[in-house]
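Quick notes on the structure that follows.
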Amino acid sequence: MGKKLVVGNWKMNLLREDAKQLSGAMVNMLGACYNECNVVIAPPYTAFEVVRTCIEDSNIELAAQNVFSSTSGAFTGEVSPPMLLDAGCRWVILGHSERRYILGENDEQIRQKLLLSVSSGLKVILCVGETGKQREDAVSDSEDAASRKELLFSPIKAQIESALGSIGEQLIADIVIAYEPVWAIGTGENATSFEIAEIHRCIRELLTRMFPACGNEVKILYGGSVKTVNIAGIMSADEVNGVLVGGESLSAGSFVKIIKSVGG
Ligand code: 13P
């Protein structure tokens, strides 16, 4: 399985000067040689260069928050996998719920983006998760614990099967799954360790069915209101191999505390 992974998703925040201050402070507080766990940060494209310069002598890696599914051409406003690699980026976050639900991205677009990303040499953090309504429906429409679990997992299963259905087992090592229940994102309401473990176990089972040789090795992160105060509980849940942090990654002090808590 390797080391645990902590990813900071800055979303659409920070001008270059603030991005420089934040990444510089992170490196200082963490120590340039820190490698107890793997750390990735995803600034907006406009801050890539300043952040890349700040982290170049550390073990922190750079991620993008999105990418397009073609290599080049007439796609105004889009950025391709080779462009990300050229900008010093090694990772890309795909399928984030804000892209699915605010920007209208669908499973097929995510599948195409993922396929081109991994075959271009990027590592992918694939976000999946149920909405609050899907969770409520699973509870009210089920008769017993087994059918509740099946109903609850079904939207997540569909997202993973769609995104990874055409991926060869040899590429799966470059993919990380992030379970982010939509109702827990930016709300301060994180899933409980029980809720996290239940879904993470289902994801693990699905991955080992889809990829018998390597499915056990794929990291599964939790995301959704991860904070310094709840990180220990989240990491204690079964099959949690790291976290995807939003708001709290915009504070160097909090993000470094989370990293050190995960790194042990
Ligand atoms: P918050 O940590 O702010 O809830 O955001 C989670 C997230 O969307 C990370 O991708």
Side-chain angles (χ1 to χ4, degrees), residues 4-14 18-19 22-23 26 37-45 47 51 60-67 84 89-105 110 113-114 117 122-132 134-135 155-156 159-160 163 175-193 195-196 199-200 203 219-235 237 240-262:
K4 297 207 167 62
L5 173 63
V6 177
V7 183
N9 177 6
W10 293 6
K11 307 192 180 182
M12 197 178 72
N13 289 296
L14 304 187
D18 296 326
L22 176 60
S23 46
M26 273 178 52
C37 66
N38 295 317
V39 180
V40 173
I41 50 177
Y45 297 132
V51 172
I60 301 171
E61 292 185 302
L62 198 59
Q65 301 170 18
N66 183 35
V67 76
L84 293 184
C89 189
R90 290 288 162 271
W91 293 80
V92 62
I93 298 172
L94 291 178
H96 193 281
S97 66
E98 285 148 16
R99 296 211 57 86
R100 291 180 193 264
Y101 299 113
I102 303 174
L103 295 152
E105 222 167 78
I110 294 162
K113 289 178 177 197
L114 187 141
S117 295
L122 282 168
K123 295 185 194 177
V124 169
I125 298 151
L126 171 69
C127 301
V128 297
E130 82 287 359
T131 63
Q134 285 168 329
R135 180 166 279 268
I156 299 160
Q159 289 171 338
I160 294 176
I175 295 169
V176 169
I177 307 286
Y179 169 54
E180 295 208 301
V182 181
W183 49 271
I185 295 178
T187 59
E189 189 192 349
N190 66 292
T192 63
S193 320
E195 289 166 336
I196 297 170
I199 298 296
H200 279 227
I203 294 174
K219 286 188 176 56
I220 308 174
L221 313 184
Y222 169 78
S225 298
V226 174
K227 313 247 179 245
T228 52
V229 291
N230 59 24
I231 185 65
I234 289 168
M235 290 308 299
V240 176
N241 311 121
V243 282
L244 175 51
V245 187
E248 204 92 325
S249 70
L250 295 172
S251 150
S254 300
F255 192 54
V256 167
K257 268 191 198 153
I258 290 173
I259 294 165
K260 290 196 168 161
S261 171
V262 171

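When a ligand or atom number is given, it counts from 1 through the structure's own listing order. Throughout, numbering of the chain's residues begins at 1 and tracks the sequence. Remember, predicted model here, so these are calculated numbers, not experimental data.
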Is K11 close enough to touch ligand 1? Criterion: a residue heavy atom under 4.0 Å from a ligand atom.
yes
Taking the inter-plane angle between the rings of Y179 and H200 on a 0 to 90° scale, is it parallel (under 30°), tilted (30 to 60°) or perpendicular (over 60°)?
perpendicular
Report the member of H96, E189, K227 with the shortest heavy-atom distance to atom 10 (O) of ligand 1.
H96
Ligand 1 N/O within reach of T187 N/O, cut-off under 3.5 Å:
no
Check ligand 1 against S225 and write out every atom of the ligand that is under 4.0 Å from a heavy-atom position of the residue.
1 (P), 2 (O), 4 (O)
On a heavy-atom basis, the closest approach of W10 and L22 is CZ2-CD2, 3.4 Å
N/O to N/O below 3.5 Å, does that happen between I185 and ligand 1?
no
Would you say G247 and ligand 1 have an N/O pair spaced under 3.5 Å apart?
yes
In ligand 1, which numbered atoms sit nearer than 4.0 Å to a non-hydrogen atom of E180?
6 (C), 7 (C), 8 (O), 9 (C), 10 (O)
Does an N or O anywhere in G186 fall below 3.5 Å from an N or O of ligand 1?
yes
Can you find a pair of side-chain heavy atoms, one from S254 and one from K227, that are under 4.5 Å apart?
no
Sub-3.5 Å donor-acceptor pair from the side chain of S261 to the main-chain atoms of K257, do we have one?
no
Residue pair E130 / W183, side-chain donor-acceptor N/O under 3.5 Å
yes
Heavy atom under 4.0 Å from ligand 1: found in A184's side chain, backbone, both, or neither?
backbone
Atoms of ligand 1 under 4.0 Å from any heavy atom of L244, numbered from 1 in the order shown, are 9 (C), 10 (O)
Residue, atom name and distance, where the atom is the protein heavy atom closest to atom 2 (O) of ligand 1:
G246 N, 2.9 Å
Could you tell me whether E98 and ligand 1 have an N or O pair separated by under 3.5 Å?
no
Please state whether G223 comes within less than 4.0 angstrom of ligand 1, counting heavy atoms only.
no
What is the minimum heavy-atom distance between P181 and Y222, and which atoms define it?
CD-CE1, 3.6 Å
Within the side chain of K113, is there an N or O that forms a donor-acceptor pair under 3.5 Å with the backbone of V67?
yes
Is there a donor-acceptor contact under 3.5 Å linking the side chains of H96 and E180?
yes
Closest heavy-atom pair and its distance - A64, C89:
N-SG, 3.4 Å
Can you find a pair of side-chain heavy atoms, one from I258 and one from T228, that are under 4.5 Å apart?
yes
The atoms of ligand 1 lying under 4.0 Å from a heavy atom of N9, numbered in the order shown, are 9 (C), 10 (O)
Can you find an N or O of E248 that's nearer than 3.5 Å to an N or O of ligand 1?
no
